[in-house]
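The block underneath contains the structure these notes are about, expressed in structure tokens.
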2 protein chains.
Amino acid sequence: MSRIPTTDGARRTRDRVLNAALGLFNQHGSAAVTTNHVAARAGISPGNLYYWFSDKDEIVRELYAQLVAEYDELWGTGDGTPVDLTPDEVLARLAEGAALSGRYAFLARDILGLLHADPLLEAEYTAVRARRIAEFTDLARTWRARGVIRALDDATVADLVQALWLIAETWFAFGELDGNRADAEDGTRLLRVVLRPYLTPDGGITRSTCEQP
Amino acid sequence: MSRIPTTDGARRTRDRVLNAALGLFNQHGSAAVTTNHVAARAGISPGNLYYWFSDKDEIVRELYAQLVAEYDELWGTGDGTPVDLTPDEVLARLAEGAALSGRYAFLARDILGLLHADPLLEAEYTAVRARRIAEFTDLARTWRARGVIRALDDATVADLVQALWLIAETWFAFGELDGNRADAEDGTRLLRVVLRPYLTPDGGITRSTCEQP
DNA sequence: GTCTATATAATGATAGAC
DNA sequence: GTCTATCATTATATAGAC
């Protein structure tokens, strides 16, 4: 992907740049931060930064790759292994992932604008998104086969997955607007209200509100 | 809000700036467009632009105000009149609003980053959002009182409204990623899959999937 | 690997003539 | 109202010394 360092000291310089950029991007927004700011925060010269990265976009892409890697590690995914979890386990995992969203808050805020400006990042992002949607769709169909969720047709499953994905991807950044730091519970509550009615009375751990009285 | 023009010719210059900015922002993203680009596209000098707007942020705020005004006009809201529509009417109205999202596509993409950079815009945005959420919550409670939706407690209604709002606010920008221009029907399908199970069998126009067999 | 120095370009914004 | 002219500032990126 990028230049491979030959020594541990060098590797540390590259990581310092990434950490400095992450902190500044989160604080001021990626658009307001320049390579000079990043170099200063990293404690290196502006010129040295260009030894490690060709430009700001490459730093952003690298940070996105880090996020994807940490996310895959959390879910034990990315290696083709199908995810097999209960609905409540999925929600719990998503709640854990909220901390990740916080560490990469600038991506939650700026991702759409960044994608529009950098075709390379867009290619990475859409590929990851397609993979995740496919994984989650497979999981939803497994749930359907086991009677965990109701007998929805494939089109409805696709819409449901899409809706849940959209909420999972955006709740954090919009929650930040409410002053109080977005809480992981806020996100899971929103996902739960969407998913809950589709769970069968005995399949889901949380009781379905759809049961007739 | 801004300078008030004294002649129609002048007003037309100001509007040309706004239209030029809107076109460029939509095409390249607001971050990549400078006041010089906007002035050139508007057919005026860079200096003249500063006679009408103090900076780029003010142009963005004005465009956002335009969007809010057009949106309020579409819904007949903003003047305190409570919205009273059926679920299918709401979805139809949202589908009409998709054209608006397209005309102001840059806001759909960049809004979170812009809010982070401009406290004035953030104040406007959060005020509008709070008002819209309140209006929609009132409507949902009206539906509940009429038996259009099930007898949910207030907390669940709040979560449901929040989830629907999040999807309505974000589906367009993410749909753009799929190459095929985002279709209004895509958005309503997502909203429908969330709302449908909460509709009572006879209250909602679309049959609920939650009915027990 | 890292620095200093610098080239090149663009930016936001203002002053003053018309 | 609109223009031209211009400013100080800042950004990206490179060259070459160490």
Where protein sits on nucleotides 11-18 of chain D, one letter per nucleotide: B base, S sugar-phosphate only, - none, heavy atoms under 4.0 Å: SBBB----
Taking the side chain as everything from C-beta on, heavy atoms only, tell me whether His28(B) gets closer than 4.5 Å to His37(B).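 They are not in side-chain contact.
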Separation of [N] [atom2] from [X] [atom1] (nearest whole Å):
X        : N       : atom1 : atom2 : answer
Glu58(B) : dA13(C) : CD    : C1'   : 14 Å
Arg14(B) : dT2(D)  : CZ    : P     : 12 Å
Arg12(A) : dT2(C)  : CZ    : P     : 10 Å
Tyr51(B) : dA15(C) : OH    : C1'   : 16 Å
Trp52(B) : dA13(C) : CH2   : P     : 19 Å

Any salt bridge linking Asp88(B) with Arg192(B)? Criterion: basic side-chain nitrogen under 4.0 Å from a carboxylate oxygen.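 Yes.
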Could you walk me through whether Glu185(B) and Thr188(B) satisfy the side-chain contact (heavy atoms from CB on, under 4.5 Å) test, starting with their C-alpha distance in whole Å, then the side-chain angles of each, then the deciding distance to 0.1 Å, before giving a yes or no? CA-CA 5 Å; Glu185(B) 209 190 322; Thr188(B) 54; 4.3 Å; yes
Look at the aromatic rings of Phe174(B) and Tyr125(A) and report parallel, tilted or perpendicular, splitting at 30° and 60°.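 Tilted, since the angle between the ring planes falls between 30° and 60°.
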Look at the aromatic rings of Phe25(B) and Phe106(B) and report parallel, tilted or perpendicular, splitting at 30° and 60°.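 Aromatic pair Phe25(B)/Phe106(B) classed tilted.
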All side-chain hydrogen bond (donor to acceptor under 3.5 Å, both in side chains) counterparts of Thr170(B), not counting sequence neighbours: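 Partners of Thr170(B) by the side-chain hydrogen bond (donor to acceptor under 3.5 Å, both in side chains) criterion come out as none, since no residue qualifies.
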